[in-house]
2 protein chains.
Amino acid sequence: MKEVLPKFDSTFSIDCVVFGFDEGELKILLIERNEEPFKDWWALPGNIVGEDESLDQSASRILNELTGLTNIYMEQYYTFGDVNRHPQGRVVSIAYYALLRLGGEKSVKPLSTYAKQAYWRNVKDLPKLAFDHQKIFEKGLEKIKRRIKHQPIAFELLPEKFTLTQLQNVYEVILNKKLDKRNFRKKMLSFGVLRDLDEKQQGVSFRAATLYKFDKRKYAKLFGKEISF
Amino acid sequence: MKEVLPKFDSTFSIDCVVFGFDEGELKILLIERNEEPFKDWWALPGNIVGEDESLDQSASRILNELTGLTNIYMEQYYTFGDVNRHPQGRVVSIAYYALLRLGGEKSVKPLSTYAKQAYWRNVKDLPKLAFDHQKIFEKGLEKIKRRIKHQPIAFELLPEKFTLTQLQNVYEVILNKKLDKRNFRKKMLSFGVLRDLDEKQQGVSFRAATLYKFDKRKYAKLFGKEISF
DNA sequence: AATATAGCGTGTATATTTTACACTAAGTAA
DNA sequence: TTACTTAGTGTAAAATATACACGCTATATT
């Protein structure tokens with residue numbers, strides 16, 4: 001059977017741009033490579049797709065190995081296949097971005113052997129990256145910039161309960177521009193997808209803000225009606 | 001060198017959803033397969049990526065073999081990699097959509113040996129498709145539906161000189177809804193990306209409409225400012 | 001207890017954009 | 001000349017987006 005398919009040495013891999021939002025900054029996870037090629041360079045987390053894995057499964061696995069978490073929000077966004085992108089042969093890489101809730105942890109336990117360590121790095125201050133990972137990152141960032149305007153992905157970067165100021169912050173950092181507080185709140189609440197939890201922020205040394213939750217149910221009911229920023 | 005990369009029998013292919021607009025209908029090119037698997041089935045045009053081709057190059061080549069044309073507008077939009085999507089082994093397929101100006105030809109000369117013939121088929125009346133091509137097509141259609149709202153891709157489906165009615169038609173068919181003529185024209189002209197050619201339609205048996213051209217120069221100058229429908 | 005501090009939460013007026021809607025003009029064909 | 005078919009045009013009302021500033025409240029400090 002298989003002999004019908006033309007073959008040459010080639011393989012495919014997944015690379016992930018894992019975004020997190022913390023201390024008012026948008027960050028991504030980078031690993032320090034432990035192996036050739038690009039040993040000791042910084043790189044996006046990624047790996048070869050297994051024989052019995054779909055692409056999504058492979059991305060999930062990689063994210064799980066990296067963070068210990070399951071059910072991470074992720075989305076495939078582009079495939080990179082330049083002939084010489086990998087020095088050891090033809091490797092086509094399918095890129096995913098993932099969005100993570102950071103609860104304050106600064107580092108994620110690195111489980112794989114292919115990395116020394118994983119670190120969160122502010123997207124505004126990235127080191128030189130291995131392979132074509134700079135390009136992959138840039139396209140991923142562009143992607144979420146577009147997507148956050150119409151899709152409810154900002155919530156994936158926040159804890160389940162969040163304040164409107166925190167939410168506005170995510171938008172401002174990703175869109176890279178200041179938004180008007182009153183207008184932001186008016187518009188955001190007008191979509192009717194936030195549930196007021198009748199609960200206040202804890203442990204702040206000033207007036208506590210109301211906590212909200214993203215209501216998937218209500219969002220689903222919007223159907224076509226698009227959120228738009 | 002290469003032995004560092006884990007390998008198993010696998011390969012990658014390109015599949016193209018080639019859109020054309022003709023007689024007020026949105027169509028795609030389908031081929032009738034000449035080989036197993038799915039011999040005699042309808043399928044999207046596609047092929048295996050060559051060893052020395054980038055993905056874009058491969059897609060260009062496939063489109064050229066199919067149509068004889070070069071410089072076709074195309075864009076990669078998703079990669080399909082379910083384990084069992086191909087009965088003969090692991091084949092990951094990178095999907096492109098392409099947009100073609102149809103000048104009235106009904107069929108495109110099929111050059112490859114892997115197809116008996118290529119035909120234009122109305123997207124509203126497609127036959128059963130081989131592999132997971134139905135899914136690939138649907139995602140491609142969704143993609144251009146989204147994209148036409150913000151990007152100037154409608155022009156790729158029209159001859160260089162077109163009337164506003166023709167343009168509105170493209171929008172209506174792709175978005176699948178009627179638009180108001182006056183509002184459409186007002187908005188479209190307000191973007192300032194159309195050049196009035198001071199020229200009229202020829203050979204129509206009624207009042208001839210003014211011809212316009214998409215002005216890439218002016219569009220480039222808009223920069224961030226997005227078209228929006 | 002009084003005061004300072006820091007972020008929370010709110011409303012209105014204006015400008016802009018979107019929507020709804022129907023007739024005359026121009027060219028062709030009979 | 002008439003009939004037919006599509007081109008081309010404007011306005012008013014509604015909805016949405018923008019610009020803008022201050023009193024409130026909880027905590028921390030003295």
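Fair warning: this is a prediction, and the values are worked out from it, not measured in the lab. Per chain, numbering begins at 1; letters A, B, ... match sequence-line order.
- Partners of A:Arg147 according to the side chain to side chain contact (heavy atoms under 4.5 Å, CB included) rule, which considers only residues two or more places apart in sequence or in another chain, are A:Glu75, A:Tyr97, A:Lys143, A:Gln151, A:Ile153.
- Contacts between residues 195-212 of chain B and DNA chain C, defined by a heavy-atom separation under 4.0 Å, are made by B:Val204, B:Ser205, B:Phe206, B:Arg207.
- A salt bridge between B:Lys135 and B:Asp82 is present, with a side-chain N of the basic residue lying under 4.0 Å from a carboxylate O of the acidic one.
- Pairs passing the side-chain hydrogen bond (donor to acceptor under 3.5 Å, both in side chains) check and including a residue from residues 190-199 of chain A, sequence neighbours excluded, read A:Lys161-A:Glu199, A:Arg195-A:Asp215.
- Within residues 161-175 of chain B, the residues having any heavy atom closer than 4.0 Å to DNA chain D are, in order of number, B:Thr165.
- Residue B:Phe184 contributes atom CZ, which lies 14 Å from atom C1' of D:dG8 at whole-angstrom precision.
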Letter per nucleotide, 5' to 3', of nucleotides 12-22 of chain D [B base touched, S only sugar-phosphate touched, - untouched; heavy atoms, 4.0 Å]: -----SBBBB-
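- Here B:Pro127 pairs with B:Leu30, B:Trp42, B:Arg121, B:Leu129 under the side chain to side chain contact (heavy atoms under 4.5 Å, CB included) rule; sequence neighbours left out.
- Residue pairs meeting the ring-ring contact (aromatic ring centres under 6.0 Å, His included) criterion with at least one member in residues 165-186 of chain A, sequence neighbours excluded: A:Tyr171-A:Phe184, A:Tyr171-A:Phe229, A:Phe184-A:Phe229.
- For A:Gln57, the side chain to side chain contact (heavy atoms under 4.5 Å, CB included) test picks out A:Glu53, A:Ser54, with sequence neighbours left out.
- Partners of A:Phe19 according to the ring-ring contact (aromatic ring centres under 6.0 Å, His included) rule, which considers only residues two or more places apart in sequence or in another chain, do not exist here.
- Rounded to whole Å, the distance from CE on A:Met188 to P on C:dG9 is 15 Å.
- When the ring-ring contact (aromatic ring centres under 6.0 Å, His included) test is applied to B:Phe38, the partners found at least two apart in sequence or on another chain are B:Trp41, B:Phe131.
- Among residue pairs with one or both ends in residues 165-183 of chain B, those qualifying as salt bridge (charged side-chain N to carboxylate O under 4.0 Å, His left out) are B:Glu172-B:Lys178; sequence neighbours excluded.
- In this structure, the CZ atom of B:Phe229 is 12 Å from the C1' atom of C:dT18, given to the nearest Å.
- The salt bridge (charged side-chain N to carboxylate O under 4.0 Å, His left out) contacts involving residues 203-212 of chain B comprise nothing, where partners must be two or more places apart or lie in separate chains.
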